Amino acid sequence: MRIYYFAWVRDHIGYSQEDIHCPETVKTISQLAAFLSQQSAGHAKAFDDLNAVRAAINQEFVNSDKSVKDTDEIAFFPPVTGG
Amino acid sequence: MRIYYFAWVRDHIGYSQEDIHCPETVKTISQLAAFLSQQSAGHAKAFDDLNAVRAAINQEFVNSDKSVKDTDEIAFFPPVTGG
Amino acid sequence: MIKINIQPEDFDVTSEIKSLRCRAIGAIATFSGIVRENSDSKSLISLTLEHYPGMSEKALDKIARQAMQEWPIESVRIIHRIGRLTPEDNIVFVGCASAHRHAAFDGCRFIMDFLKTDAPFWKAEETKQGTAWVSQRETDTSAKQGWLSGKK
Amino acid sequence: MIKINIQPEDFDVTSEIKSLRCRAIGAIATFSGIVRENSDSKSLISLTLEHYPGMSEKALDKIARQAMQEWPIESVRIIHRIGRLTPEDNIVFVGCASAHRHAAFDGCRFIMDFLKTDAPFWKAEETKQGTAWVSQRETDTSAKQGWLSGKK
């Protein structure tokens, strides 16, 4: 599973993308975030407040209960501030 | 009294401005229009439908019951269509 | 700052937008009105615009001031062309600059709506059938009424 | 016609407006977003904009299509700059062309409101106090909600 990070989510984690093999128990975005938060102190900080983090699957915004699969492109980032 | 005409009001009358000395009985825009409509066949045509004509006194839109005086700059024209 | 011109000449939107800029602003909304080839299914050859010199400048200035009273707008630019225009020519430009985008949008739209009903300009349309003065559109008077009744 | 660019380069509004023109249109509404020097009373040195390549183009395209479904809009142009910008630089341009002015205004405003909430861009502000990511503004999410609830 390819995962991208943007803005302060990336700053905390320290890099902008990684390829992850998740355990079978990770079925949704929120379970993936919980799994990722155990990978490093940076990950823990990035996912500390899940209300502050948004996610996309295959470049579409999704809610945290959305299912993920290994071939998906996942992204985690703060609420957007463009324009 | 200096009077200006614009658009089809001017086309009917045949010229764009004139200086008029009104009788004492002409006290309002509608009385002035009635007086002017007797000046020529062109004037009569221009003021044939008073609902279709708008007026300004000293470059401000006014209603037909507005008072006029000899030193005013008066204008008659159709509803505006700019922009 | 309000700047108004009534002129036969065309205008350049980039330079007009530049003239609206200052450090306090973050948003510029503009409107460009353009001569359409087809009007009510008649094919247009030209439009001729005339105005009431003196009154038209005053009327536009009053509309711009009303917009600046209603919203936090830093600057307003209005250009209205006169004379003979052909399809695809610019007719009118309105630009509003503000710190925030909604004030810029509201101001620009308000100025266009009131310009249509409160500024002394008249259009004559030339088609194959001849030349005729354009009638006022009911949708334009109702757009103004919308602002006056609080609908935006 | 929809044309979208995400680029570090600046843009020229006159040429963008030209690209929106066609014989059917009579109205072009545009919005230019500009870097403000002062944001929440801090003096800004620079803004750095990043985006999610691939998703940001798709998100803007989807917003433009929604606008064209809602109103009779002939063409939409969106440019969003990325990278480091300083006060008075352009950030974003939206242009909508239509036969009629209210569709052009509505479409342009709709696209800006949804761009603020539905397109994956992020701003970091550099001030004397350091560099910090900008938080989402509640007024931006409520502007989008206004459209969804029918308030315009």
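This structure is a prediction, so every number in the text was calculated from the model and none was measured. The chains referred to below are lettered A, B, ... by the order of the sequence lines, with proteins before strands, and numbering in each begins at 1.
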- prompt: Just wondering, are more than 12 heavy atoms of other shown residues or ligands nearer than 6.0 Å to NZ in A/K66?
  reply: no
Gap separating the CZ atom of A/F77 from the CZ atom of D/F121, nearest 0.5 angstrom: 12.0 Å
message: Heavy-atom pairs under 4.5 Å with chain A - which of D/P120, D/A132, D/G33 has more of them than the others?
response: D/P120
- line: The interface call for D/K116 against chain A, heavy-atom contacts under 4.5 Å, is both
- prompt: What's the verdict on side-chain contact (heavy atoms from CB on, under 4.5 Å) for A/R10 and D/E50, showing C-alpha distance, side-chain angles and the deciding distance?
  reply: CA-CA 12 Å; A/R10 179 203 50 235; D/E50 74 169 63; 2.7 Å; yes
Separation between NZ of D/K62 and CZ of A/F61, rounded to the nearest 0.5 Å: 9.0 Å
- request: Using a cut-off of under 4.5 Å on heavy-atom pairs, state which of A/P79, A/G82, A/A7 scores highest against chain D.
  value: A/A7
- prompt: So what's closer than 4.5 Å to chain A heavy atoms on D/T141: side chain, backbone, both or neither?
  reply: neither
message: Between D/A119 and chain A, with a heavy-atom cut-off of 4.5 Å, which part of the residue counts as in contact: side chain, backbone, both or neither?
response: backbone
field: Residue-level interface, residues 49-60 of chain A with chain D, non-hydrogen cut-off under 4.5 Å
entry: A/A56, A/N58, A/Q59, A/E60
field: A/D11 versus D/W133, closest heavy-atom pair with distance
entry: OD2-NE1, 2.6 Å
task: Taking all non-hydrogen atoms of both residues into account, name the closest pair between A/V80 and D/D118 and its distance.
output: CG2-N, 4.2 Å
query: By ring-ring contact (aromatic ring centres under 6.0 Å, His included), which residues pair with A/H12, not counting sequence neighbours?
result: A/W8
message: Between A/T81 and D/W122, is there a side-chain heavy-atom distance shorter than 4.5 Å?
response: yes
